[in-house]
Each structure stands twice: as C-alpha cells, then as structure tokens.
Enquirer: 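Can you keep this structure in mind? I'll have questions shortly.
If you read the sequence from its start, that first residue is 1, and numbering goes on from there.
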Amino acid sequence: MKASLFVVATLAVAVHPALAKKPPPAPAATAGPSTAVTPEIIDAIAEEMDRAMARLALPDAPKPFHISYKVTEVEVNDAIASLGFITNATERHFVNIECRVRVQYDGLDNGNFVIPREEGLDGSAATNLPLEATPRIARRAAWLVTDQAYKEALVQLRAKLDARTAGGLGSTPPPVWSEVPALVSEDAVLVPVLETKAEISARAEKLSAAFRDQPHIRDSRVAITSYLERRWYLSSEGTSTHDTRRASGLIMVVNGQAADGQEVAQYLSRYGATAAELPSDAELTAATKQLSADLRALIDAPVLGAYTGPVLFEGAAAADVVRWSLAPQLDGTPVPLGLPPAEAKRFGGELAEKVGARVLAPMLSVVDDPTAARSGATSVIGGYKIDDEGVPPQRIEVIKDGALVTLLTARTVPTAKDRSNGHARRVAPGGAFHGTATNLTVTAKGGLPTAALEGKLLAQAKAAGVDYGLVISQLDDSAITATTELAKRELIQLITNANPDLPPPAVLAYKLGPGRKRTLVRGVQLGEIPVKAWREVIAAGKAPIVKNFLASTESYLDHKIGGVDEGAVPSSGIESSVTTPDLLFKELDAVPQRFGLRARPAVASPVTK
C-alpha cells in the first residue's frame, strides 16, 4: 500500500458570535524553528530533485517535466476524556516527505486522470522520515519516493493515452497544467508554543465530569487538541518555500436514544489559533448544561413528517449549508477524467460554464480570502502562506450581487490562458489538487433582524400552503459525532440506503408556528440542495456567524460507517471557515430520517435513580 500523508493540522472550529468580542490574546512564546527538518535536509532533497530531473528515465519512456516535494512536520497533543477520566492522551511528532512527478507525451500529461479500479496510481509517493534524519537519510528517502512516483506517473500516462485512443476522454480539450512563477521564501514562520498534554488533559477531565449522573446521556466525551504543522515545498521550477500552521480545538459530544430507538446526538466544536482563543471554562461549563438539556428535549421530541416549504438556516446551520451545498461548487478545477459521474459530483463542476451568469440571489455576494487571519473580530483558521502546490493565495471575489465572477483554481486549469489563484487545498482521485474555499464569506444586502426574518418565514409558509416553517440550527458532522457501535447488518443497511448527494441530517431543528412559537423536532433529513436553489434565497439575517471547521477529505457517509475511532478531535482534512448571515430558502424538501433505529438497552442506565 502506498504511504499517505497524515495531516493533523486541519481541525474544525465553530465560534459563537458572543465569543467574537474577546480582545486578541497576548502574544505567546513561540515554538521556534524546526529541529527535525533543517536547512541541510531541505538542501539534500533539492539536490536529489536536480539529479532526478537530469537522469531519471526508463527506456522508451518520457522523462519527468516537473517534480515537486512537500515535506511536512507535525506536532500534536491530544486528550480525550469521559465522565471525568482520561480515556486517551497522546503526544505525536512525525515528519513526512511526499513526491509528485508529472510526465507528458504527445500533448498529454498524466495528471487529473483516474485509472479504473486503480485510483491510488496518481504519480505520487510518500514516506515518513525519522525525527533525527540526516541529509544522507533524507536524500535516500527522496530518491526512493521519486522513483516510485515516476513509475506510477508513467502507468497513469499510458492509461490516459489509451483512454484518449478509445474515445474515453470526450471531445473537450484536456485540462492544462498551468505555469506559475518560482517562489523562494525559506525563513522560518514562527507560531505560539503548543499547550502541553498535561494542560489539555486536566481541562478535558474537568469538563467531561459535567456529564456524570445523567441517565438520558448514553455516551459522552470531551476532546481537546493542540497542534502545529510546518511545511516545506520544493519544485523543479525553482520554488523553495515554507509555511507553518497552528491551531487548538475542542469538541464536546453527547449521545442519547429516543423511545422509538433512534439515536440522537448534540455536539459543540470550538477552535482558535491557540487555546487562549477558545471559550473559558465557565463558558464551556455552561455549554455542557445546554448540550445536556438539548439532548433531553430531543429524546422526547416528535419526528418531523414529510415537508416541502421554506427553510431558515440560522447560526451554525447557515455556515453548514454554505459548506455542504455551495462551497464545493466554487471549484474551478476540471472534474477528474475517468471518475464515475456519481463520485465526480463531490468535486463540483456545475458552475464551470456559468461565469457572468446569475447563480445566487441578487442580494448575495461571496468572497474567499486565504490571506485573512480574522473575520471581523473573530480568528479564522483557513488562512495559509502557500497552498498545496506552493502557490501564494489570493483574495478572490467569486460571486458579486448573485453573478458568478470567477472560480477558485489550482494549477490544473481548463485552458492555457487560465492560471492558479492559490487555492489548491484538496486532492482528488487522479492526483490533481482542486480549487478549495477555506475562508469563505457570504454577505447579503438588506439583512433582516431575527423577528423580521422569522416573520418572512411564516409568510412564505402560508403562501406555500403549509402550517409552519422549518428552522434548522445545526447540521450533523459525522467526523465528530459518529459512533463505532454499528453491527454488520446495520452497516449494510446504511450503505444500501444512503444517498451520498444529501446534506447531513439536522441535529437541531424546529417547526416555527403562529406567534413564532418553536417546536423541537428530530429525524430531519433535508433533500438534495441543488445550486439553483441558491437563486431563491429570499432573505438573510443581519448579523453574521463565523464558523471554523474541519473540511474532511472523506464523505459524511465514510465517517458514519468508519466511526470516530477513540473520539479524538478530527485529525485529517482542510482548515476552513465560513462567515455568513442566516439564510432563508424559498422551498426545500425534508423527510424523516430512518437511520439510527436500534433496540434500547434491556436494563436501565446504571446512573438511573
């Protein structure tokens, strides 16, 4: 099996508006430059890259025209606690080297192509380096991963050429690997020192004890992480640059079970550049009480029936619907060739031919800015100095007054005139990085206060002939809430019946009736939210919410099936944030969610009095 990069520096954060008013914390002591990856190690890898560009070739095969290396050093401290006791606490520190090789023949290169049943063959290879590596060890590792990546690239190119001969690439000209200027910036990027394992363990233990002696809570956990990721990027074009990312995060999860056997969950996630930007212990203790109360109410709540009508996404759910429905469509990278259509939908493409057209309601505009460190007064974690192809990011106005201005691009672009705008943060099958939103801001003209927004929801519900409007406050995140209790037959049922095109189910939703009376409901599964639904956003709120989160590289269903292992803060994906006001859609569908029904325990909880 090919080694893969374990990226720990991508975590999920949701920041409540009330916490945004905190003043920035005082500067912390810095973690200092790397002691594991020295300039001598980077020089040794660069020397091996030069040797490969000059000498690497197989008989009757094209030589590489581009080689790049990404060296990643990760330090992470994790703590997981339940009922006042630590269940796992770790300190991890590792270094990884990844090589990507590109080859070409007859006007075609190997990139952005998926070999049927061989998705892992993509012209890349990786391995871990020892923390005490020497230049000799680093050069040997670079030699071996370069050789493997080159041979894979040749196999991928051969398959792509065969597909073109058979007509499998279609009539559209193949995507282009665009040129970028070389970037040289090797100075260390210093970040605050990590919180220690002892510090985060003590905090997790204390917070988790709040969920003791509550019979309605079937399971609970508190997890805290503190991590940094140092990254070096080198390419045969002359780029040699460095970046460091740093974050701290906390999640709290409680699970319960309704009378009909349906499992329900509530969760909270908070992240910042350091623990000083997380809520205080007093605020988090109050949050544990709210989670418990919401779970208790959800257990007793009725299941929503089938619904078609207006839907208001408020607070965290507004950011969630942007994340799951809109953000993937802002990718300007061509969909991987050879990928099955059902899977290709995960990588957008619906807006590729609509630049200049109205794609959202005229009141809405969208900007993505990876150069930003804050959104208003709130820290955002989606910023970076270089993307995953070594390109500096740009602030991009994607949509203005509902009209599509441009898309987010990586180096694989539709035509020779297109260029990367520094948004390569997600790799797709076939090995191409895709343009990805990381600090996405949605703004709306004519925003309404909450009372007026709810009034508009009720008016639209009446016009649609329904007795109530639907308000959604939070969608599920299976990277945080999934359990590992599923039996084999339940897994089969889930895989068979799941629709991967649906957004995650709601974990907190209400019917809004006359007099703005709210009734909590459970089991709310929204139907597919197509891009065209965004043209019928009929109102928006006044105040924005900022939510930082992990944009996982795996699907919601993958996490649901695989569970959350020991319950740590998620440790793979893309640091991201969404800033948005509440959003009112004119009409969406919702149906009762049937998954999660299981027999209740035969004996009451041991804490039942």
Enquirer: Cut-off 3.5 Å, side chains only: do S68 and S235 have a donor facing an acceptor?
Expert: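 The answer is no; no qualifying pair exists.
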Enquirer: Decide if atom OH of Y105 counts as having more than 12 heavy atoms of other residues, nucleotides or ligands within a radius under 6.0 Å.
Expert: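 No, because the 6.0 Å sphere around OH of Y105 holds 12 heavy atoms or fewer from other groups.
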Enquirer: Under 3.5 Å, side chain of Q525 to main-chain N/O of P503, donor-acceptor pair present?
Expert: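 Yes.
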Enquirer: Would you check if there is a donor-acceptor pair between the side chains of E73 and H93 at a distance under 3.5 Å?
Expert: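 Present: a donor and an acceptor within the cut-off.
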Enquirer: Report yes or no: does T371 contribute a side-chain atom to a donor-acceptor pair with the main-chain N or O of R395 at less than 3.5 Å?
Expert: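 Checked: no pair found.
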Enquirer: Would you name the heavy atoms of S375 and V546 that are closest together and state the gap between them?
Expert: OG-CG2, 3.9 Å
Enquirer: So do W232 and Y69 actually touch side chain to side chain, heavy atoms under 4.5 Å?
Expert: no
Enquirer: Check the side chains of S248 and Y227 for a donor-acceptor pair under 3.5 angstrom, ignoring hydrogens and angles.
Expert: no
Enquirer: With a 4.5 Å limit on heavy-atom distance, are the side chains of V321 and L583 in contact?
Expert: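 Yes; the side chains approach each other to less than 4.5 Å.
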Enquirer: Checking S379 against R374 for the side-chain hydrogen bond (donor to acceptor under 3.5 Å, both in side chains) test, could you report, in this order, the C-alpha distance in whole Å, the side-chain angles of both residues, the deciding distance, and whether it holds?
Expert: CA-CA 4 Å; S379 290; R374 308 188 78 82; 3.0 Å; yes
Enquirer: Within 45 degrees of the ring normal and closer than 6.0 Å to the centroid, is that where the cationic atom of R425 sits relative to Y384?
Expert: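 Cation-pi check for R425 and Y384: passes.
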Enquirer: Just by modelled atom types, is the S226 backbone N or O under 3.5 Å from a matching donor or acceptor in the N77 side chain?
Expert: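 It does not hold such a pair.
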Enquirer: N439 and D369: side-chain donor and acceptor closer than 3.5 Å?
Expert: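 Not at all, the side chains of N439 and D369 share no donor-acceptor pair under 3.5 Å.
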Enquirer: Please report the interatomic distance NZ(K70) to CD(E389), rounded to the nearest 0.5 Å.
Expert: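 If I round to the nearest 0.5 Å, the distance is 9.0 Å.
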Enquirer: For the side chain of T90 and the backbone of R92, is there at least one donor-acceptor N/O pair under 3.5 Å apart?
Expert: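 Checking the backbone N and O of R92 against the side chain of T90, no donor-acceptor pair under 3.5 Å is found.
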Enquirer: D78 side chain to A568 main-chain N or O, any donor-acceptor pair under 3.5 Å?
Expert: no
Enquirer: Heavy atoms only: give me the nearest A318-T580 pair and the separation to one decimal.
Expert: C-CG2, 3.6 Å
Enquirer: Once rounded to the nearest 0.5 Å, what's the spacing between atom OG of S185 and atom OH of Y233?
Expert: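 Between atom OG of S185 and atom OH of Y233 there are 15.0 Å.
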Enquirer: Yes or no on side-chain contact (heavy atoms from CB on, under 4.5 Å) for D477 and L475, after CA distance, side-chain angles and deciding distance?
Expert: CA-CA 7 Å; D477 187 340; L475 297 182; over 6 Å; no
Enquirer: Indicate yes or no for a side-chain donor-acceptor contact from T239 to the backbone of E237 under 3.5 Å, with no hydrogens or angles considered.
Expert: no
Enquirer: State whether a side-chain donor-acceptor pair under 3.5 Å links S34 with R230.
Expert: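 There is no such pair (donor and acceptor under 3.5 Å, judged by atom type) between the side chains of S34 and R230.
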Enquirer: Quick check: does any side chain N or O of R535 sit under 3.5 Å from a backbone N or O of R358, one acting as donor and the other as acceptor?
Expert: yes
Enquirer: Are the side chains of V367 and I396 in contact, using a 4.5 Å heavy-atom criterion?
Expert: no
Enquirer: Find the distance between CZ (R221) and OG1 (T481) and round it off to the nearest 0.5 Å.
Expert: 8.0 Å
Enquirer: Side chains of V398 and V405: does their closest heavy-atom pair fall under 4.5 Å?
Expert: no
Enquirer: Can you find a side-chain donor-acceptor pair between T412 and N112 that sits under 3.5 Å?
Expert: no
Enquirer: Heavy atoms only: give me the nearest P429-P336 pair and the separation to one decimal.
Expert: O-CB, 3.5 Å
Enquirer: Report the C-alpha distance between E229 and T72 in whole Å, list the side-chain angles of each, state the deciding distance to 0.1 Å, and finish with yes or no for side-chain contact (heavy atoms from CB on, under 4.5 Å).
Expert: CA-CA 7 Å; E229 177 190 271; T72 305; 3.5 Å; yes
Enquirer: With distance as the sole test, does D331 use its side chain to make a donor-acceptor pair with the main-chain N or O of A410 at under 3.5 Å?
Expert: no
Enquirer: To the nearest 0.5 Å, what is the distance between CD1 (I399) and CG (L360)?
Expert: 4.5 Å
Enquirer: So which heavy atom on V95 is nearest to which on A36, and how close?
Expert: CG2-CB, 4.0 Å
Enquirer: Taking C-beta and beyond as the side chain, do I574 and T436 meet within less than 4.5 Å on heavy atoms?
Expert: yes
Enquirer: Would you give the length of the straight line joining atom CG of L440 to atom CG of L408, rounded to the nearest 0.5 angstrom?
Expert: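 Rounded to the nearest 0.5 Å, the CG-CG separation comes to 7.5 Å.
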Enquirer: Do you know the tightest heavy-atom contact between A141 and T127?
Expert: CB-CG2, 4.2 Å
Enquirer: Can you list the steps and then say if V427 with R100 is a side-chain contact (heavy atoms from CB on, under 4.5 Å)?
Expert: CA-CA 12 Å; V427 67; R100 292 182 177 272; 3.8 Å; yes
Enquirer: Return yes if some donor-acceptor pair links the side-chain N/O of Q156 with the main-chain N/O of G430 below 3.5 Å, else return no.
Expert: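 Checking the backbone N and O of G430 against the side chain of Q156, a donor-acceptor pair under 3.5 Å is found.
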Enquirer: Of all the heavy-atom pairs spanning P174 and L108, show the shortest one and how long it is.
Expert: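 Looking at all heavy atoms of both residues, the closest pair is CG-CD1, 3.6 Å.
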Enquirer: So if I apply the side chain to side chain contact (heavy atoms under 4.5 Å, CB included) rule between Y267 and each of I251, L508, D476, which one comes out positive?
Expert: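 Only one option passes, and that is D476.
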Enquirer: Would a 4.5 Å heavy-atom cut-off, applied to side chains only, mark T146 and M49 as touching?
Expert: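 Not in contact.
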Enquirer: Decide if the gap between the ring center of W534 and the ring center of F585 is smaller than 6.0 angstrom.
Expert: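 Ring-ring flag for W534/F585: true, centres closer than 6.0 Å.
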Enquirer: Which of these, R102, Q104, H66, sits in a side-chain hydrogen bond (donor to acceptor under 3.5 Å, both in side chains) with D109?
Expert: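 Going through R102, Q104, H66 one by one, the side-chain hydrogen bond (donor to acceptor under 3.5 Å, both in side chains) with D109 is satisfied by R102 alone.
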Enquirer: E277 side chain to A273 main-chain N or O, any donor-acceptor pair under 3.5 Å?
Expert: yes
Enquirer: Show your reasoning for whether side-chain contact (heavy atoms from CB on, under 4.5 Å) applies to L194 and R246.
Expert: CA-CA 8 Å; L194 297 181; R246 162 76 164 88; 3.5 Å; yes
Enquirer: Indicate yes or no: does D162 engage R164 in a salt bridge with an N to O separation below 4.0 Å.
Expert: no
Enquirer: Measure the shortest side-chain to side-chain distance between V253 and I480 over non-hydrogen atoms and say whether it is less than 4.5 angstrom.
Expert: yes
Enquirer: Rounded to the nearest 0.5 Å, how far apart are CG of L121 and CG of L154?
Expert: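 So the gap between those two atoms works out to 11.5 Å.
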Enquirer: Check whether any side-chain heavy atom of V189 sits under 4.5 Å from a side-chain heavy atom of K385, and report yes or no.
Expert: yes
Enquirer: State which residue, out of T438, D387, D388, D368, fulfils the side-chain hydrogen bond (donor to acceptor under 3.5 Å, both in side chains) condition with H423.
Expert: D368
